[in-house]
There are 2 protein chains.
Amino acid sequence: MRGYDKHAFEPFAVTVDLAVLTLRAGALHVLLVERGQEPYAGRWALPGGFLLPEESAETAARRELAEETGLADVTGLHLEQLRTYSEPGRDPRMRVVSVAFAALLPGPPEPHAGTDAAEARWVPYEKAGPLAFDHDRILADARTRVGAKLEYTCLATAFCPAEFTLGELQQVYEAVWGTPLDRPNFRRKVLATPGFVEPVPGAARLTGGRGKPAALYRAGTATALNPPLLRPSREGRPA
Amino acid sequence: MRGYDKHAFEPFAVTVDLAVLTLRAGALHVLLVERGQEPYAGRWALPGGFLLPEESAETAARRELAEETGLADVTGLHLEQLRTYSEPGRDPRMRVVSVAFAALLPGPPEPHAGTDAAEARWVPYEKAGPLAFDHDRILADARTRVGAKLEYTCLATAFCPAEFTLGELQQVYEAVWGTPLDRPNFRRKVLATPGFVEPVPGAARLTGGRGKPAALYRAGTATALNPPLLRPSREGRPA
DNA sequence: CCTTTAATAGTCAGTACGACTATAAAGAGG
DNA sequence: CCTCTTTATAGTCGTACTGACTATTAAAGG
């Protein structure tokens, strides 16, 4: 804050950009909007918009999330601030500083009917081609951050509906990490972590197709995983 | 980015705030500046300042870091973006959006001679009383983030000079976590992690006082710790 | 009725880690 | 010079956790 009171300062435009992630059919998807105007006309981009004068970035992000997804109630959805992107050239028209967020939706959400003009679509993460601005980087950062937080927090339940099976929870990990996991081991680890999930009491069971019906669980009260649930080591361990 | 081209937008002042951390005599210290003017005149605050028109937040943070510490070369110092604070009321004078950073300095740095007017001082983390604005929160977030990254990255070496002993490295963990660690176990873990540290070849040894002289190590090439070095569990494990 | 599919149960060995004890190499003080 | 203190380093032991498996159960489909 030095020089705060005596020097002139430059005003900046401040926006929020959202990487809205969800699981559809076991695959990670991201919500994208198509740009109608230059620059990057016709390219897909992350949803976002300007901060209003009396809004925090978190408030603006939640407002944009509601507008873009068309969901009536976005309270309770997990919103995570990623970082702020401020390189001078990131928007060719003017100086824009953007606060990026990741939002996690329980799937599968409706095909989406935006309240606004711009078209919005769920796109598989892998096929989210070159995006406008620096949104490729923001999207990659979102996946990296969410993947890391899956290891040591209970964040995975944010992708699941109120009641879910352990198989669905495992799909979250597999989709975000891009790695298959051993089912018995995953189950053992999740159940051994106090407060991660709790069984739905009424011996309730869900049947989606063939196979033995799975027990239902709810998110527990814990927020941290201790010890963490580490992904299969990226660097090859010695055989 | 919806509405990007058609709606008016509010300009904001954008600043960076820095939590500059280091170790002095085994204790975590933070660099603070005393405010000369209202609001919060006489209170201590984190150093920081406005973004210049052609600067990214990272560039501005490194510039402020050089100015405030008086260090000739701040390249190579670890700078970590924490998050952006944008609550409307955080500065009583005007709407200010601040991108916060944590900077890690190898200790012990000189008592500090700022190039600027404002007085700057190293203050033990625990005694960094109520700070101006929302800087208490930023400082707490900095410690939380750094403490977490110590667990699964090689960040601790950023607090150490080019060559250091394992005892010094352990002091980093103990100061940031506020927990004593078992020395043999710490040593075993660090040496067992490939690429974390590498011995200085010339059988070099350092003597600081009494006791057996310790071997010197350099930071290795690894950036991630796999498996992580977990702190003694916060939640009490069953006996 | 048999096959397929998915959930759940259980085994087993290797690794990692917490809690220790023991030894080595320096300085300080008599 | 000898001993005490201090710090670094070496090693031990038992438990917890995990990865890689195999086995069983309960549904759907033909």
Side-chain angles (χ1 to χ4, degrees), chain A residues 25-26 150-152 160 163-174 177 179-194 196-197 199-200 203-217 224-239, chain B residues 25-26 150-152 160 163-174 177 179-194 196-197 199-200 203-217 224-239:
Chain A
L150 288 187
E151 293 196 327
Y152 55 95
C160 296
E163 301 188 342
F164 52 88
T165 67
L166 293 186
E168 290 165 353
L169 189 66
Q170 183 175 344
Q171 280 194 336
V172 173
Y173 280 88
E174 293 179 329
W177 287 349
T179 324
L181 298 176
D182 179 82
R183 198 188 292 262
N185 289 343
F186 178 82
R187 172 189 189 78
R188 184 218 298 160
K189 172 69 182 172
V190 170
L191 294 181
T193 302
F196 191 1
V197 298
V200 174
R205 286 165 177 274
L206 170 81
T207 172
R210 18 176 194 276
K212 182 175 176 178
L216 286 178
Y217 293 85
L225 259 45
N226 203 308
L229 204 169
L230 300 175
R231 77 187 88 184
S233 59
R234 325 96 172 102
E235 28 245 311
R237 280 192 216 204
Chain B
L150 287 188
E151 293 196 330
Y152 55 94
C160 296
E163 299 187 343
F164 52 88
T165 68
L166 292 186
E168 291 167 352
L169 189 66
Q170 183 176 343
Q171 280 193 337
V172 173
Y173 280 86
E174 293 180 330
W177 287 350
T179 323
L181 299 175
D182 179 82
R183 199 188 291 266
N185 289 342
F186 178 82
R187 173 189 188 76
R188 184 220 294 161
K189 174 66 183 172
V190 170
L191 294 181
T193 303
F196 191 2
V197 299
V200 174
R205 284 165 177 276
L206 170 83
T207 172
R210 15 177 198 279
K212 180 174 175 179
L216 286 178
Y217 293 85
L225 260 46
N226 203 305
L229 204 168
L230 299 176
R231 77 187 88 184
S233 60
R234 323 98 171 102
E235 28 246 310
R237 280 193 218 202

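Residue numbering restarts at 1 for every chain, and letters A, B, ... go by the order of the sequence lines. Computed from a prediction, not measured in an experiment: that's the story for all the values here.
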Strictly distance-based, threshold 3.5 Å: is any side-chain N or O of B:Thr193 a donor or acceptor partner for the main-chain N or O of B:Leu191?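 No: the side chain of B:Thr193 does not pair with the backbone of B:Leu191.
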Got a donor-acceptor contact below 3.5 angstrom from the B:Tyr173 side chain to the B:Leu150 backbone?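 Yes; at least one donor-acceptor contact below 3.5 Å.
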Nearest 0.5 Å, what's the CG-CZ distance between B:Asn226 and B:Phe196? 13.0 Å
Between A:Arg187 and C:dA9, does any side-chain N or O lie under 4.0 Å from OP1 or OP2?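 True: A:Arg187 side-chain N/O within range (under 4.0 Å) of C:dA9 OP1/OP2.
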Side-chain N or O of A:Lys189 closer than 4.0 Å to phosphate OP1/OP2 of D:dT18: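 Answer yes for this pair, as a side-chain N or O of A:Lys189 is under 4.0 Å from OP1 or OP2.
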Length of the [atom1]-[atom2] vector between [X] and [N], whole Å:
X	N	atom1	atom2	answer
B:Asn185	D:dT15	CG	C1'	14 Å
A:Leu230	C:dA16	CG	P	12 Å
A:Leu216	C:dA7	CG	C1'	12 Å
B:Phe186	D:dT7	CZ	P	17 Å
A:Leu166	C:dA9	CG	P	10 Å
A:Gln170	C:dT8	CD	C1'	13 Å
B:Arg231	C:dA16	CZ	P	22 Å
A:Asp182	C:dT11	CG	P	16 Å

For B:Asp182 and B:Gln170, work out which heavy atoms get closest and say how close.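 Closest approach of B:Asp182 to B:Gln170, heavy atoms only: C-NE2, 4.1 Å.
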Please figure out whether B:Leu229 or B:Pro184 has its closest DNA chain C nucleotide nearer the 5' end. B:Leu229
Relative to the 5' end of DNA chain C, which residue comes earlier, B:Pro228 or A:Gly167, by the nucleotide with the nearest heavy atom?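 Final value for this comparison: A:Gly167.
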Note, A:Glu174 side chain near A:Leu181 side chain (heavy atom, < 4.5 Å):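 In short, these two side chains touch, coming nearer than 4.5 Å.
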Residue [X], side-chain heavy atoms: nucleotide from [options] that is nearest:
X	options	result
A:Ala214	D:dT7, D:dC17, C:dA7	C:dA7
A:Arg188	C:dA19, D:dG19, D:dA8	D:dG19
B:Lys212	C:dA16, D:dC21, D:dT7	D:dT7
A:Arg210	C:dA6, C:dT5, C:dA24	C:dT5

